[in-house]
Amino acid sequence: MLGHRLKNYAVDLLNNQQIRGWVFNKLRTRQPVHLKFYLDKVFIGETVADTIRKDLKDQRIHPDGRCGFHFQFPSDTDLSRYSQLRIFTGGSKPLCTFATEAIPDVFSSDPPRIFFMHIPKTAGTSFNGFIRQRYPADTTAIHIESIPSSGYPDLIKQKRYLAGHFRIETIKQHFDLNLFSLFTILRRPQAHLHSNLNWLRGIAAHPENKHFLDHPHHIQALGLKLNHSKNSIGDILGSLVSNLKGLEIEMFDNRQTRHFLDYKPERVTEKDLQQALENLKLFSGIGLTEAYEPFVKQFCNTYNLRFIKQVVPLNTSKYRPLYNVNDSGMHDILRPLIEYDLRLYQTARQLIHKQLYHG
């Protein structure tokens with residue numbers, strides 16, 4: 001029992017073909033853990049958690065990151081014949097157990113070609129996780145904004161699902177929209193703006209950390225102001241609205257609407273909104289953060305997948321709210337930053353309702 005409790009672990013990916021994750025013993029971090037996999041009482045294989053997980057090393061969760069594992073189920077495995085998947089690291093008590101009925105199925109034939117325009121802070125991380133469970137191994141590419149554009153032709157040839165923090169302008173420039181169905185998720189603008197501001201405050205919560213120092217100076221300065229100003233949050237944000245400049249405009253002025261534009265305006269106007277609404281029509285699937293599960297259910301219905309309730313949300317803020325997102329006074333202060341996002345969001349809601357209830 002004690003040995004079991006000393007294991008730190010996580011499962012990052014699980015479907016009816018494979019399981020990926022990491023595990024290590026807190027007292028012997030540099031000694032790889034041996035894993036054995038069982039379906040009910042049937043032994044199906046084993047592996048050692050010794051692949052490098054750079055993310056765990058960078059986050060100082062593990063000293064050298066050599067604790068990752070990947071196990072491929074035998075090709076003839078039929079999970080429906082069993083009730084549980086159990087993983088053991090020694091002893092009689094499993095490290096973890098999964099009901100097989102809750103393990104997602106991978107597409108049985110060629111999965112759809114999808115490009116997901118990931119607007120930050122909209123549950124895109126959760127949707128990417130959902131997709132990775134359903135697509136065959138090595139057919140998805142996420143956060144492709146970190147890849148040089150010279151690599152995009154290879155992605156188009158090799159992958160079925162692409163996702164990135166791109167605006168429609170960049171997607172049109174580098175990807176043939178005849179090859180992909182476009183998907184995206186929008187979020188209630190008041191909550192979306194708050195999430196972005198809270199993220200900014202979080203960056204500057206510990207200005208001595210490398211995470212803070214890795215960000216541009218204007219991000220650092222604004223984050224510090226949100227953390228350490230003696231003024232009220234209303235005064236700080238009122239000043240922000242009145243004095244936006246440079247990259248701050250791109251970050252906070254109707255940020256969701258900007259994702260649907262073929263250019264970068266100085267400030268979003270009525271004319272820009274109209275183009276955003278036209279580009280909204282290019283999308284085969286539009287979700288709302290506030291109705292994330294119905295969005296995923298609709299995806300499963302469209303592509304004949306078994307729906308399994310997902311554990312969400314992922315990538316949530318660790319910090320207390322910066323202000324009450326439902327406060328009408330704050331709405332009045334911040335309205336100039338979201339007035340066009342509000343109209344875009346309302347139009348998206350109407351389109352989704354029409355698709356769901358009128359075909």
Side-chain angles (χ1 to χ4, degrees), residues 3-38 43-75 77 85-91 94-98 103-104 106 116 118 124-148 150-152 154-155 157-165 203 206 209-215 311 314-316 318:
H4 175 71
R5 291 200 301 269
L6 289 174
K7 300 290 193 314
N8 271 9
Y9 75 95
V11 172
D12 303 321
L13 174 66
L14 173 61
N15 56 40
N16 64 338
Q17 293 184 356
Q18 62 177 315
I19 179 170
R20 292 179 185 268
W22 55 268
V23 60
F24 63 87
N25 188 309
K26 287 182 279 188
L27 296 182
R28 297 187 294 275
T29 57
R30 296 186 185 275
Q31 181 177 324
V33 174
H34 193 96
L35 302 170
K36 293 186 177 182
F37 299 85
Y38 287 79
F43 174 71
I44 59 170
E46 57 191 319
T47 191
V48 177
D50 61 357
T51 59
I52 292 180
R53 288 288 301 260
K54 184 177 181 297
D55 57 330
L56 301 180
K57 180 181 178 182
D58 291 347
Q59 296 173 47
R60 298 182 180 180
I61 293 174
H62 189 272
D64 60 17
R66 196 178 294 275
C67 60
F69 70 86
H70 175 214
F71 179 74
Q72 195 84 19
F73 295 133
S75 58
T77 301
L85 167 68
R86 297 187 297 166
I87 305 174
F88 289 84
T89 59
L95 175 71
C96 52
T97 301
F98 301 93
I103 297 176
V106 172
F116 179 62
H118 185 175
T125 299
S126 294
F127 187 65
N128 284 335
F130 160 79
I131 287 290
R132 287 181 66 237
Q133 289 184 309
R134 269 81 179 171
Y135 273 59
D138 301 320
T139 62
T140 66
I142 294 169
H143 288 303
I144 64 172
E145 70 276 1
S146 62
I147 298 173
S150 59
Y152 296 164
D154 286 339
L155 291 180
K157 293 177 185 177
Q158 299 168 5
K159 307 298 182 181
R160 305 292 297 186
Y161 176 85
L162 302 177
H165 289 305
I203 286 173
H206 301 286
N209 286 358
K210 183 176 183 296
H211 181 61
F212 171 78
L213 298 173
D214 283 344
H215 285 82
V311 178
L314 300 176
N315 198 27
T316 56
K318 299 176 289 187

Who are the side-chain hydrogen bond (donor to acceptor under 3.5 Å, both in side chains) partners of Tyr161, not counting sequence neighbours?
Asn128
If you take all heavy atoms of Arg53 and Gly68, which pair is closest and at what distance?
CG-CA, 3.7 Å
Would Phe73 and Asn16 satisfy side-chain contact (heavy atoms from CB on, under 4.5 Å), going step by step from the backbone distance to the final call?
CA-CA 8 Å; Phe73 295 133; Asn16 64 338; 5.5 Å; no
Just to verify, what does Asp154 make a salt bridge (Lys or Arg N to Asp or Glu O under 4.0 Å) with, not counting sequence neighbours?
none
On a heavy-atom basis, which atom in Ala49 and which in Pro32 lie closest, and how many Å separate them?
O-CB, 3.6 Å
Please tabulate, for side-chain N and O atoms in residues 57-66, each donor-acceptor pair with protein atoms closer than 3.5 Å (sequence neighbours left out).
{"residue": "Asp58", "atom": "OD2", "partner": "Lys54", "partner atom": "NZ", "Å": "2.7"}
{"residue": "Gln59", "atom": "NE2", "partner": "Asp55", "partner atom": "O", "Å": "3.3"}
{"residue": "His62", "atom": "ND1", "partner": "Asp64", "partner atom": "N", "Å": "3.3"}
{"residue": "His62", "atom": "ND1", "partner": "Asp64", "partner atom": "OD1", "Å": "3.1"}
{"residue": "His62", "atom": "ND1", "partner": "Gly65", "partner atom": "N", "Å": "2.9"}
{"residue": "His62", "atom": "NE2", "partner": "Thr29", "partner atom": "O", "Å": "2.7"}
{"residue": "Asp64", "atom": "OD1", "partner": "Arg66", "partner atom": "N", "Å": "2.9"}
{"residue": "Asp64", "atom": "OD2", "partner": "Arg30", "partner atom": "NH1", "Å": "3.1"}

Close side-chain approach of Leu95 and Tyr9, heavy atoms under 4.5 Å
yes
Are the side chains of Thr51 and His70 in touch, meaning some heavy atoms are under 4.5 Å apart?
no
Apply ring pair (Phe, Tyr, Trp, His ring centres under 6.0 Å) to Phe88 and list each qualifying residue two or more places apart in sequence or on a separate chain.
Tyr38
Please report the closest heavy-atom contact between Glu145 and Ala163, naming both atoms and the distance.
OE1-O, 4.5 Å
Report the C-alpha separation of Phe116 and Ile131 in whole Å, then their side-chain angles, then the decisive distance to 0.1 Å, and conclude whether the side-chain contact (heavy atoms from CB on, under 4.5 Å) test is met.
CA-CA 10 Å; Phe116 179 62; Ile131 287 290; over 6 Å; no
Holding to side chain to side chain contact (heavy atoms under 4.5 Å, CB included), I want the full list of residues that pass it with Asn15, two or more places apart in sequence or in another chain.
Leu13, Gln17, Gln18, Val106
Contact summary for Val23 and Phe69, nearest pair of heavy atoms:
CG1-CD2, 4.2 Å
Nearest 0.5 angstrom please: Phe37 CZ to Ile19 CD1, how far?
5.5 Å
Counting C-beta onward and ignoring hydrogens, is there a side-chain heavy-atom pair between Leu14 and Leu85 closer than 4.5 Å?
yes
Heavy-atom closest contact (Ala141 atom, Lys159 atom, distance):
CB-CG, 4.0 Å
Considering all heavy atoms of both residues, which atom of His165 and which atom of His118 are nearest to each other, and what is their separation?
ND1-O, 2.8 Å
In chain order, what residues pass the ring pair (Phe, Tyr, Trp, His ring centres under 6.0 Å) check against His34, with sequence neighbours excluded?
none
Does the side chain of Leu35 reach to within under 4.5 Å of the side chain of Phe71, using non-hydrogen atoms?
no
Which value, rounded to the nearest 0.5 Å, describes the distance between Gln72 atom CD and Ile44 atom CD1?
11.0 Å
